[in-house]
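All remarks here apply to the structure that follows.
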Protein chains: 2
Amino acid sequence: MSSNAAMAETAALVGDPARACMLNALMDGRALTAGELASVAGITAQTASGHLARLSAAGLLAMERQGRHRYHRLATPAVARMLEAIMMVAGGGPPPARPRRIGPADAAMRNARTCYDHLAGRLGVAIADAMAARGQVELATDGGVVTPAGVEFLTGLGIAPDAGGSRRAFCKPCLDWSERRHHLAGGLGAALCTRCFELGWVKRVPASRTVLVTRAGEAGLRQAFGIELG
Amino acid sequence: MSSNAAMAETAALVGDPARACMLNALMDGRALTAGELASVAGITAQTASGHLARLSAAGLLAMERQGRHRYHRLATPAVARMLEAIMMVAGGGPPPARPRRIGPADAAMRNARTCYDHLAGRLGVAIADAMAARGQVELATDGGVVTPAGVEFLTGLGIAPDAGGSRRAFCKPCLDWSERRHHLAGGLGAALCTRCFELGWVKRVPASRTVLVTRAGEAGLRQAFGIELG
DNA sequence: GGCATGCTTCGGCATGGACCGAAGCATGGC
DNA sequence: GCCATGCTTCGGTCCATGCCGAAGCATGCC
């Protein structure tokens, strides 16, 4: 009975066109700002704010503040699965996975750059994805941990995992500006970045945060992470 | 965009407490009458009627008229999957699969009985389920077909499949009164019923539609269909 | 400090839709 | 034929909620 009410409540949240629009825009796992979501839904910021608050309260969205922006993303994979199941019934079929482009205009910078002391852009996100997919790190919103498999992998790369008590701060997710997804920051991100420079896999573009992946880097990244940057 | 609207519309249908209640009651695949659904939702018949019309129009439910009753059930497995996914997010966990009991009060009659010229009750539904699960028949609302594998199976049982042009009428689903699910009717259902009597698997209770499964029947049904009637 | 930007809260309006009472069709049983 | 039952359609009420304008906090840039 209460199960009925909970189901209805959740479904009703998805049942509003504006909210459905926003959720749909988040289907690819990226995080978008409240303003962007208001824009895609075609409503004003204040209306969107109310919707986002309700979606977060119900556990459909997770929010992360970064400066004066608030980034929203789907709270769990279960939410994405639910939305997909609804679309299936609605006759829309599987999601179209449309390519949207926002963020830094410079293509090279979007591809790979430094963010403070670690790698960001497509390269940074790809490294984080690869390590997470292989169970080498486990990322959470508030922090992350390096698994035993990850320690072994890092050692093989020539990176000494911080054995001290600062394990938690060692692996920290950071929201990527252009990709709107997490990449690795913290001590781990810094160490990976440093090592990539040492190995000659990437090199800096003068007077810029942009970095370029070298020929050796393409091979090395492919071998180490299974990464293929188009 | 239109995909968004369709998703919102579908979700909104589930988003009403009364409708969610009705859909939930249908989660186990049974078919219930409009009156029963109104009752479980705690609303009047006329209100339920409106809800059911909308759910059917949207393709969430399928309707089947039998006498002056109208039986409603989930239109496709995709709808059940969607509801389950929503419940997952709503925190209700997987559906409880509650056992509800309506229909004939007589336990033996609920277990097995004849329906016109074929078997019904738990036995009839179990036979239909078993044959469908094994790909021996393919059941649709308006009719069904016996597959080549089904022909072979029936031959082994000593039943000659009707080789004439009346194949379609040969295999016909019939909505079970107590189980609220389909069992096999038509020529196939009649033949199966006759053969079960011939083999001594079931015998009639005098002056009643109720039939009893014999000891030989328990063994035979288990071997032929993999059926285990608790 | 002052200003701009991003987001939230508050108040009031308006539309949508859930609900029921009453009446209208079907179907089945007598 | 009649009546009972199950369901639907129609009409009207009422509440929930989505929406925006205006104002109020935060944060970042100068």
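Chain letters run A, B, ... following the sequence lines, proteins first, then strands; residues in each count from 1. Side chains are part of it too, since the values below use all heavy atoms of this structure and drop only hydrogens, waters and symmetry mates.
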Set of ring-ring contact (aromatic ring centres under 6.0 Å, His included) partners for A:His183, sequence neighbours left out: A:His118

For A:Tyr71, ring-ring contact (aromatic ring centres under 6.0 Å, His included) partners two or more places apart: none

Test side-chain contact (heavy atoms from CB on, under 4.5 Å) applied to B:Leu37 and B:Leu26, step by step: CA-CA 9 Å; B:Leu37 289 169; B:Leu26 297 170; 4.1 Å; yes

Sequence-aligned protein contact record of nucleotides 1-16 of chain D, with B where the base is within under 4.0 Å of a protein heavy atom and S where only the sugar-phosphate is: ---BBSSBB-------

Polar pairs (N or O, both sides) under 3.5 Å between protein and nucleotides 11-16 of chain C?
none

5' priority, DNA chain D, between A:Arg19 and A:Gln66 [closest heavy atom]: A:Arg19

Value rounded to 0.5 Å, distance of CE in A:Met22 from CG in A:Asp16: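 If we round to the nearest 0.5 Å, A:Met22:CE and A:Asp16:CG are 7.5 Å apart.
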
For B:Thr76, side chain to side chain contact (heavy atoms under 4.5 Å, CB included) partners two or more places apart: B:Ala78, B:Val79

Could you give the side-chain donor-acceptor pairs of residues 42-52 of chain B under 3.5 Å, partners two or more places apart or in another chain?
| unit_1 | atom_1 | unit_2 | atom_2 | d |
| --- | --- | --- | --- | --- |
| B:Thr44 | OG1 | B:Gln46 | OE1 | 3.4 |
| B:Thr44 | OG1 | B:Thr47 | OG1 | 3.1 |
| B:His51 | ND1 | B:Arg19 | NH1 | 3.0 |

Lys/Arg-Asp/Glu bridge criterion (N-O < 4.0 Å) met for B:Glu198, B:Arg195: yes

Side-chain N or O of B:His51 closer than 4.0 Å to phosphate OP1/OP2 of C:dG17: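 Checking C:dG17 against B:His51, no side-chain N or O comes under 4.0 Å of OP1 or OP2.
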
Side-chain N,O (B:Arg54) to OP1/OP2 (C:dA18) below 4.0 Å: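 Yes.
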
Student check: side-chain heavy atoms of B:Leu192 and B:Met131 closer than 4.5 Å: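 With C-beta onward as the side chain, the pair touches.
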
